[in-house]
> 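I am attaching a structure below and will ask some questions about it afterwards.
Whatever order the structure lists them in is the order used to number ligands and atoms, beginning at 1. Atom set for the values below is all heavy atoms of this structure, side chains included, hydrogens, waters and symmetry mates excluded. Starting from 1, each residue takes its place in the sequence as its number. Worth saying up front: this structure is predicted, and the values here are computed from it rather than measured.
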Amino acid sequence: MRCDACPREAVIDQPYRGAHLCGSHFGDSVWERVRREMHRQLPRFRGGTVAIALSGGKDSSVALATAQRYFARRPNVRLVALTVDEGIAGYRPGTIRAAAELTARLGIEHTIVRASEALGVSTDEGARLLPGTVPCSFCGVWRRQLLNRAARDAGADVLVLGFNLDDLAQTILMNLARADLGRLARMAPHRYRAPGLVPRIAPLAQIPEREVFLYARQSGLPFDHGECPHAPAAARNVFREVVWRLEEEIPGTRHALLRTQAALVRSLGATEGGGPAACVDCGEPATGERCRACDYLRLARNPLMGAARS
Ligand code: SF4
Ligand SMILES: [Zn+2]
Ligand SMILES: [Zn+2]
């Protein structure tokens, strides 16, 4: 198969737009979509600090490298990479090594936050203390809070996340299936700065997961391929499978899910604008009286509370 734009051999097909591209035109097409999303999600950004959540996997590594390229000619923009070490044996150490290698190579400031120090509990410990709970439920909540705190401490104006098109389509479908319109409305990209929350953007929103992988490989970025040992228990796996099947049968479904979310957020505008309150335990933003991170921390410290509630 030839590239649609030149006589070279195609390295990838894009069924959602009926295209085939060679390595060079593929690289251009990824960059162009990221550049456009950056521009769309971060309008009127005059300068300041941009934090990038860097796990050391392919997605956040591409997010960091493309953010550096996007802001390359803006000396008034400071980039800082933030990595959360949730404390997951056999998985996190490798990704942290890759993150450190990438930031050293790109010359970007790098901060690592350890859950065991910041919260007093790691994800592995949480999994032992809460055997009936899927680890991703508290791990994701804790990570989000630690990232927000670290971004705020770094004086960040915005936090870049490496979510790709597949990740976002899965999250949208999960929130729809759970009738969780609140969370659907709070998904990145954020247009408003809610009290205590650093707005998050997702510049890889238009890039399918396999294209992010190919782009990372093609660009020679160091990243870790490891899979978290807790991942097989995640509810997301079912939605990953469903989105994958839908996309195969009906190319363009992932993009349509993104448009569905955007249309719903527009009609739910009041929900997104409503700022969160402060958690009674830690003072971080919370949608209820106590934030979900503290809910899980209390359960981990006293698992009997969970048994009594269920
Ligand atoms: S797969 Fe789940 S437990 Fe593992 S790092 Fe991700 S959210 Fe945490
Ligand atoms: Zn080409
Ligand atoms: Zn709290």
> What's the separation between atom CD1 in Ile52 and atom CD in Glu109, rounded to the nearest 0.5 Å?
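Rounded to the nearest 0.5 Å, the CD1-CD separation comes out at 10.0 Å.
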> Is it true that, when you exclude Trp244 itself, more than 12 heavy atoms of the residues, nucleotides or ligands shown sit nearer than 6.0 Å to its CH2?
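No, because the 6.0 Å sphere around CH2 of Trp244 holds 12 heavy atoms or fewer from other groups.
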> Just go through Arg92, Arg144, Arg143 and tell me whose heavy atom is the nearest to atom 6 (Fe) of ligand 1.
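Result: the heavy atom closest to atom 6 (Fe) of ligand 1 is in Arg143.
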> Within a radius of less than 6.0 Å around CZ of Arg245, do more than 12 heavy atoms belonging to other residues, nucleotides or ligands occur?
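No, not enclosed.
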> What protein heavy atom sits nearest atom 2 (Fe) of ligand 1, and how far away is it?
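Nearest neighbour among protein heavy atoms for atom 2 (Fe) of ligand 1, to 0.1 Å: Cys136 SG, 2.3 Å.
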> Please list the nearest protein heavy atom to atom 8 (Fe) of ligand 1 with its residue and the distance rounded to 0.1 Å.
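For this ligand atom, the closest protein heavy atom is Cys139 SG, 2.3 Å.
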> Restricting to N, O or S, what is the name of the atom of His25 that lies nearest the Zn ion (ligand 2)?
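Looking at His25, the N, O or S atom with the least distance to the Zn ion (ligand 2) is ND1.
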> Would Ser55 and Ser60 count as having a side-chain donor-acceptor pair, cut-off 3.5 Å?
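Ser55 vs Ser60: donor-acceptor pair found between side chains.
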> Is it the case that Arg240 and Asn237 place a side-chain donor and acceptor less than 3.5 Å from each other?
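A donor-acceptor contact under 3.5 Å links the two side chains.
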> In terms of heavy-atom contacts, does CZ of Arg97 have more than 12 from other residues, nucleotides or ligands at under 6.0 Å?
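No, the 6.0 Å shell around CZ holds no more than 12 heavy atoms from other groups.
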> Considering heavy atoms of the protein only, find what lies nearest to atom 4 (Fe) of ligand 1 and give residue, atom and distance to 0.1 Å.
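The protein heavy atom lying closest is Cys228 SG, 2.3 Å.
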> Where the Zn ion (ligand 3) is the centre, what is the SG-to-SG angle for Cys279 and Cys291, rounded to 10°?
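Reported to 10°, the angle equals 110°.
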> Would you give the angle at the Zn ion (ligand 2) between Cys6 atom SG and Cys3 atom SG, to the nearest 10°?
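SG of Cys6 and SG of Cys3 make an angle of 110° at the Zn ion (ligand 2), to the nearest 10°.
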